[in-house]
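Only one structure is covered here, and it is reproduced in the block below.
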Amino acid sequence: MPSSVDEPRPAVTEAIRVVVHPSHPWGVPESLARVPGVEVITPPDLDSLSECLADPRSEILVSFIWTDECLSVGLRWIQSIASGLDYYPLEDLAAAGIRLTSGRGANAPAVAEHAFALLLAVTRRIGKSVRYSERALWRQGMGFELVGKTLGVLGLGTVGEEIAWRAKAWGMEVIGTKRRPGSYRGCASRVFPPEETVEVFRRSYAVVSALPHVKGAPPQVGAAELAALGDGWFVNVGRGSVVDTEALLDALDSGELRGAGLDVTFPEPPPQDSALWRHPKVVLTPHLGGFSPEYADRLADIFATNLRAFRGEGEWVNLVV
């Protein structure tokens, strides 16, 4: 069993070995390699990954995908590439004395911009226009403005706050939800606890969900919430599991909900026979909201801070276990 990561470490005399999972966003190994004092190893496939982790020098793994083969004897710290931690066995890692830190914040600007891209795609009829253009049809229609309207943001965390202040710059009022509303110090004018989510839908012209997946929890956006939104707009850039897909399709089919922009679904991707692929009121993107050339450098900054903590020279950030 690995020793505690908080035990004093000897003075660093050589580069610390960092293994990067073969499946990683563009630029991550190169950005990590610029962090002083590390040797970055990027195995080309899963078999090679297992071989790398079997080496007792492989104490650090950078990844967003987890398999039990990664639980090697020498592993002491995992820096997750993503902010979501759906795949990690948190109890097993804690029992093994392995630290886990998330990439929370690294993709926040990109996800927030993508949320607005989806919101504009549905409110300004861009999605419909693209479908028409593929059939060589020139059809105009009414677009809708966001200025002066109320935007509800579900999950006023790192991503949610990035969405909120952008909405304020667009001249929107922002309300939202947070697990502990009393701790909120952002730009939203009113914050509700999760059990009052339906009230956010009732007060909003459009709602954006930035909620994470919670294992075992029922969808937080269902028929009651969508009925409260009425003839508004819905965008999801958090996790698909927080939305009742059938309730969403029913609200779209009834003619009341005007449109939905989805970067995430449950499951992912949707089944081939899912109406989400073809629905005229839906703009669907393949979970690419966090993809950005700047992402890798932000992740490397988080990693560098945590590397100092790993060496006993500072405090951890985004520490999970």
Side-chain angles (χ1 to χ4, degrees), residues 25-27 82-84 103-134 139-176 186-188 204-212 221 226 229 232-240 242-243 245 248 252 257-266 268-270 276-296 298:
W26 178 89
S83 55
R104 182 171 59 88
N107 65 357
V111 175
E113 290 186 8
H114 196 76
F116 265 88
L118 289 171
L119 186 56
L120 291 170
V122 291
T123 58
R124 298 305 305 171
R125 293 179 60 89
I126 296 171
K128 287 185 177 180
S129 295
V130 169
R131 284 189 167 100
Y132 288 145
S133 69
E134 290 173 347
R139 290 187 179 175
Q140 295 177 318
M142 186 66 68
F144 298 87
E145 298 181 11
L146 299 177
V147 64
K149 307 297 196 308
T150 298
L151 180 70
V153 179
L154 307 184
L156 284 164
T158 305
V159 172
E161 191 62 24
E162 290 274 344
I163 295 169
W165 70 255
R166 283 171 172 78
K168 294 283 285 188
W170 279 67
M172 303 186 77
E173 180 184 359
V174 180
I175 63 176
C187 66
S204 298
Y205 178 74
V207 173
V208 176
S209 174
L211 292 170
V221 178
L226 294 166
L229 182 58
W233 314 86
F234 179 72
V235 168
N236 191 6
V237 292
R239 285 293 184 268
V242 306
V243 178
T245 301
L248 177 64
L252 292 166
L257 187 65
R258 290 177 174 174
L262 308 174
D263 187 47
V264 290
T265 64
F266 184 78
E268 285 188 4
L276 293 177
W277 293 107
R278 298 168 296 279
H279 204 289
K281 293 184 179 180
V282 173
V283 174
L284 185 65
T285 55
H287 204 154
L288 53 77
F291 289 10
S292 163
E294 288 75 28
Y295 174 82
R298 294 194 191 99

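Values reported hereafter were calculated over all heavy atoms of this structure, with side chains retained and with hydrogens, waters and symmetry mates removed.
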Supply the atom-to-atom distance [X] [atom1] to [Y] [atom2], rounded to the nearest 0.5 angstrom.
{"X": "E173", "Y": "K168", "atom1": "CD", "atom2": "NZ", "value": "7.0 Å"}
{"X": "L211", "Y": "N236", "atom1": "CG", "atom2": "CG", "value": "8.0 Å"}
{"X": "D263", "Y": "R239", "atom1": "CG", "atom2": "CZ", "value": "9.5 Å"}
{"X": "L229", "Y": "F234", "atom1": "CG", "atom2": "CZ", "value": "8.5 Å"}

May I ask you to test the [X]-[Y] pair for a side-chain heavy-atom distance under 4.5 Å?
{"X": "V221", "Y": "V207", "value": "no"}
{"X": "E162", "Y": "V111", "value": "no"}
{"X": "V242", "Y": "S209", "value": "yes"}
{"X": "I163", "Y": "V237", "value": "yes"}
{"X": "L118", "Y": "L262", "value": "no"}
{"X": "E113", "Y": "R166", "value": "yes"}
{"X": "F291", "Y": "P25", "value": "no"}
{"X": "V282", "Y": "L248", "value": "no"}

Please find the pair of heavy atoms, one from [X] and one from [Y], that lie closest to each other, and give the distance.
{"X": "A110", "Y": "S292", "result": "CB-CB, 3.8 Å"}
{"X": "P270", "Y": "L284", "result": "CG-CD2, 4.4 Å"}
{"X": "R104", "Y": "T158", "result": "NH1-OG1, 2.9 Å"}
{"X": "R125", "Y": "G143", "result": "CD-N, 4.1 Å"}
{"X": "T150", "Y": "M172", "result": "C-CE, 4.2 Å"}
{"X": "V122", "Y": "K281", "result": "CG1-O, 4.3 Å"}

Report the C-alpha separation of V208 and L151 in whole Å, then their side-chain angles, then the decisive distance to 0.1 Å, and conclude whether the side-chain contact (heavy atoms from CB on, under 4.5 Å) test is met. CA-CA 7 Å; V208 176; L151 180 70; 3.8 Å; yes

More than 12 foreign heavy atoms under 6.0 Å from CD of E268: is that the case here?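 Correct, the count exceeds 12.
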
Got more than 12 heavy atoms from elsewhere within 6.0 Å of CZ, F266?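 No, because the 6.0 Å sphere around CZ of F266 holds 12 heavy atoms or fewer from other groups.
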
Starting from the C-alpha separation in whole Å, work towards a yes-or-no answer on side-chain contact (heavy atoms from CB on, under 4.5 Å) for W170 and L119. CA-CA 12 Å; W170 279 67; L119 186 56; over 6 Å; no

Taking the six-membered ring of F144, is NZ or CZ of R258 closer than 6.0 Å to its centre and within 45° of its axis?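 Pair R258/F144 counts as cation-pi.
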
Yes or no on side-chain contact (heavy atoms from CB on, under 4.5 Å) for L146 and Y205, after CA distance, side-chain angles and deciding distance? CA-CA 8 Å; L146 299 177; Y205 178 74; 4.3 Å; yes

With side-chain contact (heavy atoms from CB on, under 4.5 Å) as the test, would you mind laying out the steps for V283 and I126 before giving the verdict? CA-CA 9 Å; V283 174; I126 296 171; over 6 Å; no

